[in-house]
Number of protein chains: 2
Amino acid sequence: MSLDREQVLRSAAALLTRKSTATMDEVARAAGIGRATLHRHFAGRDALVRALENLGIQEVEAALDAAALDEGPAQDALRRLVAAVEPSAGLLSFLVTENQLFEGEEVNEGWSRLDARVSAFFRRGQERGEFRIDLTPAWLTEALYGLISSAAWAVQDGRVASQDFQYMIVELLLGGARRSVEQ
Amino acid sequence: MSLDREQVLRSAAALLTRKSTATMDEVARAAGIGRATLHRHFAGRDALVRALENLGIQEVEAALDAAALDEGPAQDALRRLVAAVEPSAGLLSFLVTENQLFEGEEVNEGWSRLDARVSAFFRRGQERGEFRIDLTPAWLTEALYGLISSAAWAVQDGRVASQDFQYMIVELLLGGARRSVEQ
DNA sequence: TTTCGGTGAGACATTGTTGTCTCATGTGGT
DNA sequence: ACCACATGAGACAACAATGTCTCACCGAAA
């Protein structure tokens with residue numbers, strides 16, 4: 001029977017999200033296949049991680065598309081984005097950490113595309129007068145990634161309810177912790 | 001000549017902050033000592049990481065003390081805290097990531113203490129009416145860690161100016177990205 | 001100068017992971 | 001029923017990192 005590459009990647013993502021140092025053997029067992037088979041489909045650990053990278057980028061890109069960041073108020077668009085990216089949060093968190101290990105080496109161009117799109121979105125929000133202009137789009141982008149990762153771990157560790165995922169990220173990123181008079 | 005344990009830990013922290021997978025050999029060379037000597041002072045990699053953990057906890061705890069979180073407006077206290085913790089941001093980021101690998105195992109009690117103090121601070125801010133009450137102290141604590149880590153990496157990669165470190169974290173955490181009428 | 005303690009360098013065994021290979025099995029398609 | 005092919009299991013070598021050990025060296029103190 002031909003192996004379901006997609007399903008293998010899913011379970012690998014689920015495992016590596018929890019334990020980023022998992023062995024090829026562990027990944028294989030988690031996917032319910034033999035290590036040899038895993039190796040036949042992914043030349044090595046690098047290839048596996050790269051495949052996961054492509055999967056993650058693809059998912060986030062799909063989330064960006066689904067969120068239609070160009071349409072309507074930027075604040076609403078951000079809500080849509082966070083909601084759409086939530087299922088990929090764990091994988092995204094893993095990949096961000098993994099990317100930090102590639103110091104200087106060639107990084108998947110996909111990340112640049114994502115960064116560019118998210119940054120452009122924040123810039124649009126600034127131009128619409130919805131977002132402050134003293135926080136750079138680059139920083140807002142980083143902060144969004146960071147909050148998504150933090151939230152993903154907090155949910156996984158049970159420190160935060162999973163149903164609050166979207167609300168907490170968006171509310172903090174948009175409104176901050178300060179209690180304001182309006183809104 | 002007796003080895004300067006403190007200096008070794010500093011350089012180890014600096015290296016592991018940039019490359020979390022650095023070898024004992026690399027750590028030794030970065031500290032300008034032999035691997036054998038490194039091994040004489042830290043029984044193994046675990047011991048080294050645990051020593052770094054204690055160092056990081058100690059630094060953050062000192063930052064908490066220095067920030068005097070109990071005094072005055074919570075917003076000002078947060079500014080003081082972020083400013084005080086900035087030098088330890090990289091190490092903190094490394095340790096947070098490292099801790100995620102210890103799934104379930106005994107975690108250094110120091111983290112609980114830090115979490116408790118930071119959470120208590122956010123709670124105080126809520127009780128003073130300065131912070132919103134719809135975002136839990138636990139989440140605000142996580143978010144603070146996440147933003148500090150993100151900022152540390154962003155600065156290290158040159159995506160953000162280091163002089164903006166404190167401002168960006170505090171402003172985003174307090175006020176959020178939304179452009180508001182007041183403030 | 002001699003002695004003592006810490007150090008650097010290197011050798012070494014050990015361990016864990018990776019990557020490759022072989023072979024028996026079993027399932028799907030013909 | 002037969003064949004082709006993918007798989008699982010296991011053996012295997014290669015490799016990297018760890019942890020231990022020895023030995024020569026050197027600087028400080030007596």
Side-chain angles (χ1 to χ4, degrees), chain A residues 1-56 91 94-95 97-106 108, chain B residues 1-56 91 94-95 97-106 108:
Chain A
M1 180 180 56
S2 190
L3 171 137
D4 185 350
R5 183 186 166 98
E6 183 75 10
Q7 183 270 333
V8 171
L9 279 178
R10 295 287 167 192
S11 66
L15 174 60
L16 290 171
T17 287
R18 280 178 285 116
K19 186 183 177 187
S20 60
T21 58
T23 309
M24 289 293 274
D25 193 70
E26 293 175 293
V27 171
R29 290 184 188 286
I33 64 177
R35 192 167 69 95
T37 303
L38 176 62
H39 229 275
R40 280 186 198 105
H41 289 267
F42 302 97
R45 193 171 218 284
D46 285 354
L48 177 62
V49 171
R50 233 168 301 149
L52 283 173
E53 209 172 14
N54 290 329
L55 176 63
L91 177 57
F94 162 70
L95 293 174
T97 306
E98 198 74 6
N99 257 358
Q100 292 173 167
L101 300 181
F102 297 166
E103 50 172 331
E105 306 170 31
E106 7 85 38
N108 193 318
Chain B
M1 180 180 59
S2 190
L3 172 136
D4 186 350
R5 183 187 165 98
E6 183 76 8
Q7 184 270 332
V8 172
L9 279 179
R10 294 287 166 193
S11 66
L15 174 59
L16 290 171
T17 287
R18 281 178 285 114
K19 187 182 175 185
S20 60
T21 58
T23 308
M24 289 294 273
D25 193 70
E26 292 174 293
V27 171
R29 291 184 187 284
I33 64 177
R35 193 166 68 95
T37 304
L38 177 62
H39 229 276
R40 280 187 198 103
H41 290 268
F42 301 97
R45 193 169 218 286
D46 284 354
L48 177 63
V49 171
R50 235 169 298 149
L52 283 173
E53 209 172 13
N54 289 330
L55 176 64
L91 177 57
F94 162 70
L95 293 174
T97 306
E98 198 75 4
N99 257 355
Q100 290 173 167
L101 300 180
F102 297 167
E103 49 171 331
E105 305 170 33
E106 6 85 40
N108 194 317

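The sequence lines fix the lettering, A, B, ..., with proteins before strands; numbering per chain opens at 1.
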- request: Would you kindly give the CG-to-P distance between Leu38(A) and dG8(D), to the nearest whole Å?
  value: 10 Å
field: Test side-chain hydrogen bond (donor to acceptor under 3.5 Å, both in side chains) applied to Ser20(A) - qualifying residues, sequence neighbours left out
entry: none
message: How many whole angstroms separate atom CZ of Arg29(B) from atom C1' of dG8(C)?
response: 10 Å
- request: Under 4.0 Å from any atom of DNA chain C, heavy atoms only: list the residues of residues 9-27 of chain B that qualify, in numerical order.
  value: none
message: Please check: side-chain N/O of Thr37(A) versus main-chain N/O of Ile33(A), any donor-acceptor pairing under 3.5 Å?
response: no
query: By salt bridge (charged side-chain N to carboxylate O under 4.0 Å, His left out), which residues pair with Glu26(B), not counting sequence neighbours?
result: Lys19(B)
message: For a quick check of understanding: with a heavy-atom distance under 4.0 Å over all strands, which category does Arg45(A) fall into, base, sugar-phosphate or nothing?
response: sugar-phosphate
query: Has His39(B) got a side-chain N or O lying under 4.0 Å from the OP1 or OP2 atom of dC21(D)?
result: no
query: Is there a side chain to side chain contact (heavy atoms under 4.5 Å, CB included) between Leu9(A) and Phe42(A) once you walk through the steps?
result: CA-CA 10 Å; Leu9(A) 279 178; Phe42(A) 302 97; 3.8 Å; yes
query: Quick one: the side chain of Arg40(B) and the base of dG8(C), do they pair up donor-acceptor inside 3.5 Å?
result: yes
Proximity to the side chain of Ala36(B) - top-ranked nucleotide from dT7(C), dC21(D), dG8(D): dC21(D)
message: Run the side chain to side chain contact (heavy atoms under 4.5 Å, CB included) test on Leu38(A) and Met24(A) for me, step by step, so that the C-alpha distance in whole Å, both residues' side-chain angles and the decisive distance to 0.1 Å come before the verdict.
response: CA-CA 8 Å; Leu38(A) 176 62; Met24(A) 289 293 274; 4.1 Å; yes
- prompt: Got a donor-acceptor pair under 3.5 Å from the side chain of Arg35(A) to the base of dG19(C)?
  reply: yes
- prompt: Does CZ in Arg29(B) sit with more than 12 non-hydrogen atoms of other residues, nucleotides or ligands closer than 6.0 Å?
  reply: no
